[in-house]
J.: 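Here it is, the structure, as structure tokens.
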Amino acid sequence: MVAITLPDGSVREYDGAVTGEQVAASIGPGLAKAALIVKVDGEPRDLRFLIEQDAALEIVTRDHEDALEVLRHDCAHIMAEAVQELFPGTQITFGPSIDDGFYYDFHRETPFTPEDFETIEKRMGEIVDRDEDITREVWTRADARRLFEEKGETFKAEHVGNLPEDVEISLYRQGDWVDLCTGPHLPSTGRLGKSFKLMKLAGAYWRGDPKNPQLQRVYGTCWRTNKELRAYLHRLEEAEKRDHRRLGREMDLFHFQEEAVGSVFWHPKGWTLYRVCETHMRKRLDAADYVEVRTPQLVDRGLWERSGHWEKFREHMFTVEDEHERVLALKPMNCPGHVQIFRQGITSYRDLPIRMAEFGSCHRNEPSGALHGLMRVRAFTQDDAHIFCTEDQIVSETKKFCELLLSIYRDFGFDEVEVKFSDRPEVRAGEDSVWDQAEEALMTATKAAGLPFTLNPGEGAFYGPKLEFVLKDTIGRQWQCGTLQVYFVLPERLDAVYIAEGGEKRRPVMLHRAILGSFERFIGVLIEHYAGRLPLWLAPVQGVVATITSDADDYAKEVAAAFKKAGMRVELDIRNEKINYKVREHSVGKTPLILVVGRQEAENRTVAIRRLGGKAQEILALEDALNTLSTEATPPH
RNA sequence: GCCGCCGUAGCUCAGGGGUAGAGCGCACCCUUGGUAAGGGUGAGGCCGACAGUUCAAUUCUGUCCGGCGGCACCA
């Protein structure tokens with residue numbers, strides 16, 4: 001007897017071993033038809049997996065939350081089958097499901113083109129129509145390897161050889177097509193349906209290593225229904241509309257051009273936004289007892305050699321030579337500079353902690369393929385600071401920093417923050433004992449700060465372990481902005497000391513920390529988060545005074561001047577255009593307030609306020625409008 | 001950096017071996033209009049750069065530069 005417990009708590013008994021397929025059939029033919037896979041004691045399994053002992057069973061149908069992953073994985077297989085039928089000689093490698101879809105990496109001499117998509121999609125549809133049985137087979141390692149070698153599937157054969165000894169080698173067969181896979185899979189290709197679409201082509205390295213052959217990756221998306229597929233495609237279009245590169249142009253914030261690849265040309269409006277962010281940060285840092293400094297842009301390579309950067313990051317540093325053939329590097333970071341300031345004079349333990357901030361302009365020669373609008377540039381400005389403190393102060397400083405960071409994120413409208421703890425990477429500076437110490441200190445401090453965090457093993461910085469603070473924007477995308485890194489090694493290398501209570505010299509610890517990360521990137525994130533509709537205090541142009549007829553020009557000028565005097569950023573639009581036209585243009589330009597004035601307003605000394613996206617207008621006396629709106633436009637805190 | 005695609009007016013894009021087109025924007029004129037595009041006229045282009053093929057190249061080929069999507073990278 002085998003007793004199967006279903007999610008509703010009911011128990012069904014069977015004479016002997018039973019499959020999920022049989023259980024589903026015994027419940028009802030509809031369910032049997034809708035079933036994709038099952039979960040046996042929580043483990044995803046094929047419908048035909050033989051359950052030999054009592055177990056909890058969950059039948060995964062299309063509506064189940066796990067269904068998409070299975071459908072997408074099967075879709076990848078069906079695509080691979082289609083590709084191998086259509087293009088003999090193409091080798092298969094890996095094809096997992098991913099967020100919103102799947103991909104499959106192929107090895108083939110001639111590249112695929114987007115024109116091939118239609119052909120492949122058509123063949124995939126045929127494979128679904130053929131409704132081929134998908135069966136699981138267990139092979140010995142040697143046989144599986146031989147099979148793939150005979151088929152000329154060198155990548156698969158290599159992979160079989162690399163699998164751990166204790167892993168069961170399972171092959172999935174659908175029609176004449178075979179792939180090495182752990183599964184689970186649908187019982188037949190017909191269950192996939194046709195709500196899929198091939199999306200794009202890309203290169204990818206075999207096993208992610210640039211030294212290995214490059215494969216051709218085909219990305220696709222796959223959904224439960226055509227409706228879901230259409231909704232997804234619509235979502236992509238919407239996401240494109242909030243792309244900061246597009247909005248940057250439409251809102252006249254910044255541009256890029258060939259002569260300065262990876263550097264931003266900030267237009268007046270974009271620079272206003274930048275300055276508002278900077279001013280706000282400066283205010284918050286002042287209040288948090290930071291001191292602000294400025295360190296040199298060009299620094300002799302000797303300092304970078306001592307700090308260890310020259311050895312590790314040489315190829316990412318821009319260098320210049322002076323007339324004595326002395327090599328100077330454009331600073332890629334601010335830490336060594338800050339240590340130089342710390343080293344001036346003698347520091348007492350009484351002076352610690354010293355929180356040294358710099359809106360540090362840095363240059364890094366990022367690989368050309370990494371550049372991406374404001375998100376990844378070669379010239380950027382960090383909201384950087386180094387906290388020089390004693391080991392005893394690490395916990396309290398970390399705590400203070402986390403509070404400051406969360407509070408500033410809230411100012412900018414981000415409430416969801418994920419924290420990741422990254423420990424020692426393979427390539428690193430310093431002894432393991434020092435890393436032990438640094439990791440332990442950071443871990444204690446992080447726990448004391450009381451923030452939930454996840455572990456991110458091996459992802460620490462060159463100098464020390466780090467916390468990463470990841471923002472979640474309106475549409476759920478994640479952006480790593482803030483960081484806190486514990487440096488024990490750098491103060492040693494650059495010989496930073498303070499005089500301790502007993503009169504002896506001691507090494508301070510440095511906490512390298514940033515909240516926005518880089519202003520450029522953060523502004524990119526802000527633009528996308530708000531889809532360009534920035535909150536009033538951030539908007540570069542907060543309001544436009546727009547006239548209805550030229551009779552109101554003089555009054556409009558007076559209104560604009562009054563708002564400007566009240567500290568607001570307003571523009572005047574007295575062009576010979578209809579109000580409809582002006583409203584449309586300023587709405588498209590994402591101006592938060594349109595202050596409409598016509599004859600009536602001029603006579604009554606009022607303004608008609610139209611808010612971005614709103615339909616209604618609100619008529620206020622000029623004085624009231626000034627008070628209300630300038631209060632509303634005040635930055636948080 | 002690697003793979004694929006792309007580069008035509010300020011923007012979005014069409015075209016195609018015989019030196020170019022649309023819409024929006026811009027300028028000027030008419031219009032003074034009450035909340036998301038009023039009308040007319042006009043000016044804008046070394047068709048990314050450099051080589052090659054050709055009687056002729058913006059169009060075909062190659063190289064380079066830049067952009068886009070991934071991969072790799074991100075102190």
Side-chain angles (χ1 to χ4, degrees), chain A residues 103 105 111-115 199-219 243 245-246 249-250 252 255-262 304 307-317 331-336 362 364-373 375-378 380 382 425 427-429 459-464 466 480 483 485 487 490 512 517-518 521 546-553 574-589 594-601 608-617 619:
Chain A
Y103 66 79
D105 286 345
F112 292 107
T113 68
E115 286 76 59
M199 302 296 288
K200 53 197 179 190
L201 290 165
Y205 301 112
W206 169 239
R207 296 188 182 283
D209 189 334
K211 289 194 276 291
N212 289 337
Q214 187 141 23
L215 308 170
Q216 296 183 54
R217 178 170 296 180
V218 182
Y219 282 92
D243 187 309
R245 293 165 298 186
R246 175 184 175 138
R249 190 173 51 240
E250 288 175 359
D252 194 17
H255 84 272
F256 291 91
Q257 69 185 49
E258 278 198 38
E259 288 80 359
V261 173
W304 304 111
S307 72
H309 289 96
W310 194 260
E311 190 192 343
K312 288 297 155 213
F313 302 106
R314 166 76 193 91
E315 69 274 28
H316 296 297
M317 292 164 72
K331 73 172 168 183
M333 52 175 348
N334 310 300
C335 337
C362 298
R364 294 178 184 175
N365 194 359
E366 302 285 2
S368 58
L371 301 175
H372 181 92
M375 302 306 192
R376 192 83 177 266
V377 286
R378 288 186 175 148
F380 57 94
Q382 287 184 315
V427 180
R428 57 179 179 264
E459 296 294 318
F462 179 56
Y463 283 130
K466 69 177 176 187
Q480 199 245 299
T483 187
Q485 306 176 7
Y487 293 166
L490 195 65
H512 159 74
S518 94
R521 181 182 160 81
T547 49
I548 293 171
T549 74
S550 51
D551 294 343
D553 285 2
I574 53 174
R575 289 176 303 171
N576 176 16
E577 295 291 351
K578 290 194 170 181
I579 193 64
N580 288 309
Y581 183 91
K582 295 183 184 181
V583 165
R584 177 181 156 79
E585 187 173 283
H586 299 304
S587 299
V588 168
I594 301 175
L595 306 163
V596 179
V597 296
R599 263 194 213 105
Q600 291 170 32
E601 286 76 12
I609 303 160
R610 184 195 163 107
R611 288 171 188 272
L612 179 57
K615 284 267 180 278
Q617 59 169 343
I619 298 179

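Residue numbers begin at 1 in each chain, while the letters A, B, ... track the order of the sequences.
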J.: Can you check the distance between A56(B) and U19(B), where both ends of the measurement are the P atom (answer in whole Å)?
T.: 15 Å
J.: Mind checking the P distance from C47(B) to U8(B)? Whole angstroms is fine.
T.: 11 Å
J.: Taking salt bridge (charged side-chain N to carboxylate O under 4.0 Å, His left out) as the definition, give me every residue that meets it alongside Arg207(A), ordered by chain and number, with sequence neighbours left out.
T.: Glu158(A)
J.: Treat primed atoms plus P, OP1 and OP2 as sugar-phosphate and everything else as base, then score nucleotides 67-75 of chain B 5' to 3': B for base contact with protein heavy atoms under 4.0 Å, S for sugar-phosphate contact only, - for none.
T.: SSBBBBBBB
J.: Is the centre of the His586(A) ring less than 6.0 Å from the centre of the Tyr581(A) ring?
T.: no
J.: Not counting sequence neighbours, which residues clear side chain to side chain donor-acceptor pair (under 3.5 Å) with Asn334(A)? List them please.
T.: Lys331(A), Gln382(A), Asp384(A)
J.: Please produce a list of atom pairs where a protein N or O lies less than 3.5 Å from an N or O of nucleotides 8-12 of chain B.
T.:
residue	atom	partner	partner atom	Å
C11(B)	O3'	Arg249(A)	NE	3.4
U12(B)	OP1	Arg249(A)	NH2	3.1

J.: Using the P atom as the reference point in each nucleotide, state the distance between C50(B) and U59(B) in Å, no decimals.
T.: 12 Å
J.: In whole Å, measure the gap between the P atoms of G23(B) and A43(B) for me.
T.: 14 Å
J.: Strictly by modelled atom types, are Thr483(A) and Gln485(A) linked by a side-chain donor-acceptor pair under 3.5 Å?
T.: yes
J.: Rounded to whole angstrom units, what separation is found between the CD atom of Glu601(A) and the C1' atom of U32(B)?
T.: 15 Å
J.: Quick check on G40(B): syn or anti? Syn means the glycosidic torsion is within 90 degrees of zero.
T.: anti
J.: I'd like a list of close polar pairs between nucleotides 36-45 of chain B and the protein, N/O only, cut-off under 3.5 Å.
T.:
residue	atom	partner	partner atom	Å
A36(B)	O4'	Arg584(A)	N	3.3
A36(B)	N7	Arg610(A)	NH2	3.1
A37(B)	N7	Arg584(A)	NE	3.0
A37(B)	N7	Arg584(A)	NH2	3.3
A37(B)	N6	Arg584(A)	NH2	2.4

J.: Please report, rounded to the nearest Å, how far the C1' atom of C6(B) is from the CD atom of Glu258(A).
T.: 13 Å
J.: Between U61(B) and C68(B), how far is it from one C1' atom to the other, in whole Å?
T.: 24 Å
J.: I'd like to check the ring pair (Phe, Tyr, Trp, His ring centres under 6.0 Å) partners of His255(A); sequence neighbours left out, ordered by chain and number.
T.: Phe265(A), His267(A)
J.: In chain order, what residues pass the salt bridge (charged side-chain N to carboxylate O under 4.0 Å, His left out) check against Arg584(A), with sequence neighbours excluded?
T.: none
J.: According to ring pair (Phe, Tyr, Trp, His ring centres under 6.0 Å), who are the partners of Phe462(A), at least two apart in sequence or on a separate chain?
T.: Phe313(A)
J.: Which whole number of Å gives the distance between the P atom of U54(B) and that of C64(B)?
T.: 24 Å
J.: Let me know the distance between CD of Glu250(A) and P of G25(B), rounded to the nearest Å.
T.: 14 Å
J.: Of all the base pairs, Watson-Crick or G-U under 3.5 Å, which form stems of three or more consecutive pairs involving RNA chain B?
T.: B:1-7 with B:65-71, B:10-13 with B:21-24, B:26-30 with B:38-42, B:48-52 with B:60-64
J.: Measure across Ala546(A) and Ile594(A) and return the closest heavy-atom pair with its distance rounded to 0.1 Å.
T.: CB-CG2, 4.3 Å
J.: Need one value for Ala608(A): base, sugar-phosphate or nothing, where a base atom within 4.0 Å counts as base even if backbone is also close, heavy atoms only.
T.: base
J.: List the residues meeting side-chain contact (heavy atoms from CB on, under 4.5 Å) with Glu366(A), not counting sequence neighbours, and say none if there are none.
T.: Arg364(A), Leu371(A), Arg376(A), Arg378(A)
J.: In this structure, how many angstroms lie between the P atom of C28(B) and the CZ atom of Arg575(A), rounded?
T.: 12 Å
J.: List the residues meeting side-chain contact (heavy atoms from CB on, under 4.5 Å) with Ala204(A), not counting sequence neighbours, and say none if there are none.
T.: Asp105(A), Arg217(A)
J.: Can you check the distance between G48(B) and A57(B), where both ends of the measurement are the P atom (answer in whole Å)?
T.: 15 Å
J.: To the nearest Å, how far apart are Ile594(A) CD1 and G34(B) P?
T.: 16 Å
J.: Considering residues at least two apart in sequence or located in another chain, which fulfil the salt bridge (charged side-chain N to carboxylate O under 4.0 Å, His left out) criterion with Asp553(A)?
T.: none
J.: Is there a side-chain contact between Tyr463(A) and Ser307(A) (heavy atoms, below 4.5 Å)?
T.: yes
J.: Before giving the answer on salt bridge (Lys or Arg N to Asp or Glu O under 4.0 Å), spell out for Glu250(A) and Arg245(A) the whole-Å C-alpha distance, their side-chain angles and the decisive distance to 0.1 Å.
T.: CA-CA 9 Å; Glu250(A) 288 175 359; Arg245(A) 293 165 298 186; over 6 Å; no
J.: Hey, what's the ring geometry for His512(A) with Tyr487(A), parallel, tilted or perpendicular (30° and 60° as the breaks)?
T.: parallel
J.: Using the P atoms only, state how far G10(B) lies from A27(B), rounded to an integer number of Å.
T.: 15 Å
J.: Does Leu595(A) reach the side chain of Arg610(A), with side-chain heavy atoms less than 4.5 Å apart?
T.: no
